[in-house]
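Keep in mind that this is a model prediction, so the values were computed, not measured. In listed order, ligands and their atoms are each counted from 1. What's counted below: heavy atoms across the whole structure, side chains too, no hydrogens, waters or symmetry copies.
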Amino acid sequence: MVFDLAGKSVFIAGHNGMVGGAVLRLLKQRGDVRLITASRRQLDLRDEHAVGAFFTNHRPDACVLAAARVGGIIANSANKVGFLYDNLRLQNAVIGAARASDTERLLFLGSSCIYPKLADQPIREDSLLTGPLEPTNDAYAIAKIAGLKLCEFLNREEGRAYISAQPCNLYGPGDNYHPTTSHVIPGLIRRFHEAKHSRASETFIWGTGTPLREFLYVDDLAKALVFLLENYKDPGLINVGSGEEISIGDLAGLVAEAVGYEGVLKLDPSKPDGTPRKLMDSSKIRSYGWRSRTSLQEGLRHAYADYLSVIEA
Ligand code: GFB
């Protein structure tokens with residue numbers, strides 16, 4: 001182990017989000033880490049002065065940068081200024097403050113959408129910047145590429161153990177269930193749940209149903225992130241995926257099953273498909289012994305339970 005988190009202080013930027021929340025749960029369970037968090041009201045992570053002062057005050061040993069402006073295919077394509085600018089501001093503020101206060105380790109969350117739209121599959125880490133991006137999420141991807149490159153350069157030039165991990169499409173507790181800004185799994189959970197309750201004989205899936213996606217349950221990702229924080233300090237990227245892909249049409253069938261919706265699923269091809277396929281090569285992280293443990297069926301049951309707890313709260 002290169003960096004034992006036991007007894008260390010860790011700032012989780014974005015602990016109220018799905019990924020940050022999963023890392024918080026995992027580190028709380030572990031019990032030997034001093035956790036530092038700040039809500040959005042307490043700290044605007046885009047405000048570099050406020051973030052600098054926060055780091056000077058708390059002096060975390062490590063930081064998990066899980067905060068970001070995120071959203072599904074429609075949110076990403078409709079608000080490129082926000083997705084690029086807010087993410088650049090936020091990540092620059094946090095990475096800059098970590099550097100200024102000599103935070104020993106930092107883990108930056110990237111995304112599989114950083115890779116070229118038509119990258120060879122499964123997508124290896126070295127395919128970064130070898131071709132044009134998928135236009136429905138280019139703004140978000142460019143911000144993420146800037147962040148992971150900043151970590152890489154700080155690592156190479158200044159010897160800082162600042163690393164970045166690239167997860168595939170994620171889902172699980174703490175997701176955003178908004179009908180238009182959400183990603184596919186929470187979007188379908190909500191739509192199918194509402195269709196079940198209104199006894200609608202049919203409901204719809206965006207796009208053609210043919211795109212392929214790789215999904216990872218967020219608690220499995222959290223285990224990978226904590227592992228990387230303690231064991232990985234290379235400047236190079238590292239993919240974190242389940243290794244399994246599924247078409248959106250087949251995924252919709254599994255979500256309908258988890259929710260208990262028995263109506264007809266129709267396609268809405270007026271909505272964008274996005275990239276045709278996005279399966280990552282995660283052999284690097286698997287060579288360290290990590291693998292995803294939660295099957296899609298099991299994860300979808302937990303995700304639906306989370307949705308029910310949110311609407312019942
Ligand atoms: O999850 P999603 O929005 O993200 O869409 P991306 C995945 C696929 O599901 C697309 C289809 O082909 C959608 O057309 N889909 C079907 C739906 N029904 C729905 C629905 O009700 N809601 C949504 N959202 N999609 C994201 C990027 O791309 O990937 C993010 O926008 C991020 O930036 C993430 O990088 C990993 O996989 O297309």
Side-chain angles (χ1 to χ4, degrees), residues 17-19 66 68-80 82-84 86-87 91 108-119 121 123 128 133-145 147-148 164-172 175-195 202-218 221 239-242 245-256 259 261 265-280 282 296 300 303 307:
M18 179 172 69
V19 173
R69 179 161 180 173
V70 297
I73 192 163
I74 298 269
N76 257 275
S77 34
N79 193 354
K80 295 196 179 197
F83 274 79
L84 179 59
D86 282 348
N87 282 315
Q91 66 205 33
F108 176 71
L109 256 293
S111 164
S112 57
C113 70
I114 59 163
Y115 293 115
K117 175 184 173 94
L118 299 176
Q121 312 274 325
I123 310 171
L128 182 71
L133 295 166
E134 156 60 35
T136 55
N137 54 35
D138 54 359
Y140 180 73
I142 288 167
K144 288 291 178 189
I145 293 170
L148 67 89
S164 71
Q166 318 309 318
C168 63
N169 288 40
L170 302 168
Y171 71 103
D175 218 332
N176 161 25
Y177 297 99
H178 189 277
T180 48
T181 64
S182 59
H183 286 100
V184 57
I185 290 182
L188 293 182
I189 286 179
R190 176 170 177 166
R191 194 166 326 114
F192 293 175
H193 174 85
E194 291 175 352
E202 58 180 49
T203 186
F204 57 93
I205 308 166
W206 294 358
T208 61
T210 57
L212 296 164
R213 291 290 184 275
E214 178 186 11
F215 294 97
L216 180 65
Y217 188 63
V218 71
L221 174 74
N239 291 341
V240 187
S242 61
E245 62 181 347
I246 183 168
S247 74
I248 296 301
D250 288 347
L251 170 76
L254 292 183
V255 175
V259 170
Y261 176 64
L265 306 181
K266 292 206 150 172
L267 298 169
D268 174 4
S270 71
K271 295 284 194 303
D273 268 345
T275 197
R277 196 176 172 203
K278 204 163 40 167
L279 175 67
M280 294 199 303
S282 299
L296 191 51
L300 290 175
Y307 173 72

Asker: Centre of Phe204's six-membered ring, under 6.0 Å away, within 45 degrees of the axis: is that where NZ or CZ of Arg191 sits?
Answerer: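 So Arg191 does make the cation-pi contact.
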Asker: Enumerate the salt bridge (charged side-chain N to carboxylate O under 4.0 Å, His left out) contacts for residues 70-79, please, sequence neighbours excluded, ordered by first and then second residue.
Answerer: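 Those involving residues 70-79 do not exist here.
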Asker: Mind checking whether Tyr171 and His183 have ring centres under 6.0 Å apart?
Answerer: no
Asker: Between ligand 1 and the protein, tabulate every N or O atom pair separated by less than 3.5 Å, reporting distance only.
Answerer:
unit_1	atom_1	unit_2	atom_2	d
ligand 1	1 (O)	Val184	N	2.8
ligand 1	3 (O)	Ile73	N	2.7
ligand 1	12 (O)	Asp273	O	2.6
ligand 1	14 (O)	Pro272	O	2.6
ligand 1	18 (N)	Trp206	N	3.0
ligand 1	21 (O)	Arg191	NH1	3.4
ligand 1	21 (O)	Arg191	NH2	2.5
ligand 1	24 (N)	Ser182	O	2.8
ligand 1	24 (N)	Val184	N	3.4
ligand 1	29 (O)	Lys278	NZ	3.1
ligand 1	31 (O)	Asn76	ND2	3.1
ligand 1	33 (O)	Asn76	OD1	3.4
ligand 1	33 (O)	Asn76	ND2	3.0
ligand 1	35 (O)	Ser111	OG	2.9
ligand 1	37 (O)	Asn169	ND2	2.9
ligand 1	37 (O)	Arg213	NE	2.7
ligand 1	37 (O)	Lys278	NZ	3.0
ligand 1	38 (O)	Arg213	NH2	3.0

Asker: Could you work out, with side chain to side chain donor-acceptor pair (under 3.5 Å) as the rule, every residue matching Glu214, not counting sequence neighbours?
Answerer: none
Asker: Who passes salt bridge (charged side-chain N to carboxylate O under 4.0 Å, His left out) against Asp273, sequence neighbours left out?
Answerer: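 Scan of Asp273 (salt bridge (charged side-chain N to carboxylate O under 4.0 Å, His left out), adjacent residues dropped) gives none.
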Asker: Do Asn239 and Ser112 have side-chain N/O donor and acceptor atoms under 3.5 Å apart?
Answerer: no
